[in-house]
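Scroll down for the structure; my scribbles are underneath it.
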2 protein chains.
Amino acid sequence: MLLTLTEPADVQMRLDYFETRCKELGLRVTRQRQEIFRAVAQSDKHPSAEAVFLQVRESMPNVSLDTVYRTLSSLEEMGLLMRVGLSSKARFDGDLRPHCHFVCTQCGEVYDIFPQENEQIACPLPARNIGEIKQINIQFKGICKNCRPQ
Amino acid sequence: MLLTLTEPADVQMRLDYFETRCKELGLRVTRQRQEIFRAVAQSDKHPSAEAVFLQVRESMPNVSLDTVYRTLSSLEEMGLLMRVGLSSKARFDGDLRPHCHFVCTQCGEVYDIFPQENEQIACPLPARNIGEIKQINIQFKGICKNCRPQ
DNA sequence: TTCCTTATTAGGAAAAATTACTATATGCTA
DNA sequence: TAGCATATAGTAATTTTTCCTAATAAGGAA
């Protein structure tokens, strides 16, 4: 299985697509949602909620932090942006054998996935140019069988 | 590049190794550190700091939450356990093209890594049995060139 | 366009998660 | 075993995220 998501690079096109998606889902196209989506779509800095809040506040001084958090979460659910890593609290793993994690977005449960005998976890070459890699972390997010049987 | 870390499965062996590592690094072998390490090493539940705190408190009723947080972080630095995902606050990415992230553990900066033309991001087969995968998240942790030039 | 309905928001408060502080305790070296 | 420096408990503070409610505004109907 490969990742196949692609998205128009142009921000305006993505804003249009965002509106379409909102209407499909029966969500109102509010200025707050637009600006918050734009702030993330325009940035290549992987901004935090706080950073998005500060950015959006430039054009909407009264926007609330709650709205930013709420909107970021719903945009994530809509598949219009992604959260880097896990949300909320930290989880720890004492098993250092190479393996991946499946994280259920419903119940929060973390499952280990040990690769098959002949499977390899490969590291893209460009990573070496950015710095010294000390750890690899591979996560799959989705709904586990307990939460959605069958 | 492949992940090559392996660790003795037996908890007692790992505790011994933990002591050795502490001594190598000039860290004191305190009961708190032992119990906190044991709690994570024994568990297959990817416990949170809170969960570790509750577990350790069974045998050490006066252990403090601060000690748990501090110790988990230092155990991570020592390479004796790993943190699932990122620490602290959430970061968002509006670019949905398949790519990985390099996270600098020093400055917190997040760098994009786009795979080479012929590279593939593969998903271990067993993942399919756990649930429906909606997203793949690959992170590399380390020190970026800005923080440790050359 | 204007009105209505209901989803959404602002603002503030609260909760949850993590970190900082300091006096005390304790591991380790000699 | 004594002394010293590190580590801890207990608490407070900070940071991050979520909750609550009255007010607002989007989108559909008239």
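First the proteins, then the strands, lettered A, B, ... as listed; each starts at 1.
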In whole angstrom, give the distance that lies between atom [atom1] of [X] and atom [atom2] of [N].
X: D66(B); N: dA25(C); atom1: CG; atom2: P; result: 17 Å
X: E19(A); N: dG27(D); atom1: CD; atom2: C1'; result: 13 Å
X: M78(A); N: dT8(C); atom1: CE; atom2: P; result: 10 Å
X: F18(A); N: dA26(D); atom1: CZ; atom2: C1'; result: 13 Å
X: L25(B); N: dG27(C); atom1: CG; atom2: P; result: 19 Å
X: E35(B); N: dT26(C); atom1: CD; atom2: P; result: 15 Å
X: K23(B); N: dT6(D); atom1: NZ; atom2: P; result: 18 Å
X: R83(A); N: dT16(D); atom1: CZ; atom2: C1'; result: 12 Å

Tell me which nucleotide among [options] gets nearest to the side chain of [X].
X: V29(A); options: dG10(D), dT17(D), dG27(D); result: dG27(D)
X: R70(A); options: dA7(D), dT9(C), dT18(C); result: dT9(C)
X: Q32(B); options: dT9(C), dT16(D), dT8(D); result: dT8(D)
X: R28(B); options: dT9(C), dA9(D), dC28(C); result: dC28(C)
X: T30(B); options: dT17(D), dG27(C), dA10(C); result: dG27(C)

> What class does the angle between the rings of F18(B) and F37(B) fall in, given that below 30° is parallel, 30 to 60° is tilted and above 60° is perpendicular?
Replying inline: parallel
> DNA chain D: L27(B) or K89(B), which has the more 5' nearest nucleotide?
Replying inline: L27(B)
> So, for G108(B) and R91(B), which heavy atoms are closest and what is the spacing to 0.1 Å?
Replying inline: O-NH1, 3.3 Å
>> Reading DNA chain C from 5' onward, which residue's closest nucleotide shows up sooner: R31(B) or L65(B)?
In response: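 The residue closer to the strand's 5' end, by nearest nucleotide, is L65(B).
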>> Whether the side chain of S43(B) engages the backbone of V40(B) through a donor-acceptor N/O pair (distance < 3.5 Å, no angle test) should be reported.
In response: no
> Does the R83(B) side chain pair with the main chain of L72(B), one donor and one acceptor, at a distance under 3.5 Å?
Replying inline: no
Would you tell me if any nitrogen or oxygen in the side chain of [X] comes within less than 4.0 Å of OP1 or OP2 on [N]?
X: T67(A); N: dT8(C); value: no
X: N62(B); N: dT8(D); value: no
X: Y69(B); N: dT19(C); value: no

> With hydrophobic residues grouped by side-chain heavy-atom distances under 4.5 Å, do L65(A) and L81(A) end up in a single group?
Replying inline: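 In one cluster: yes.
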>> Once you apply a heavy-atom cut-off of 4.0 Å, does R33(A) come out as touching a base, just sugar-phosphate, or nothing?
In response: sugar-phosphate
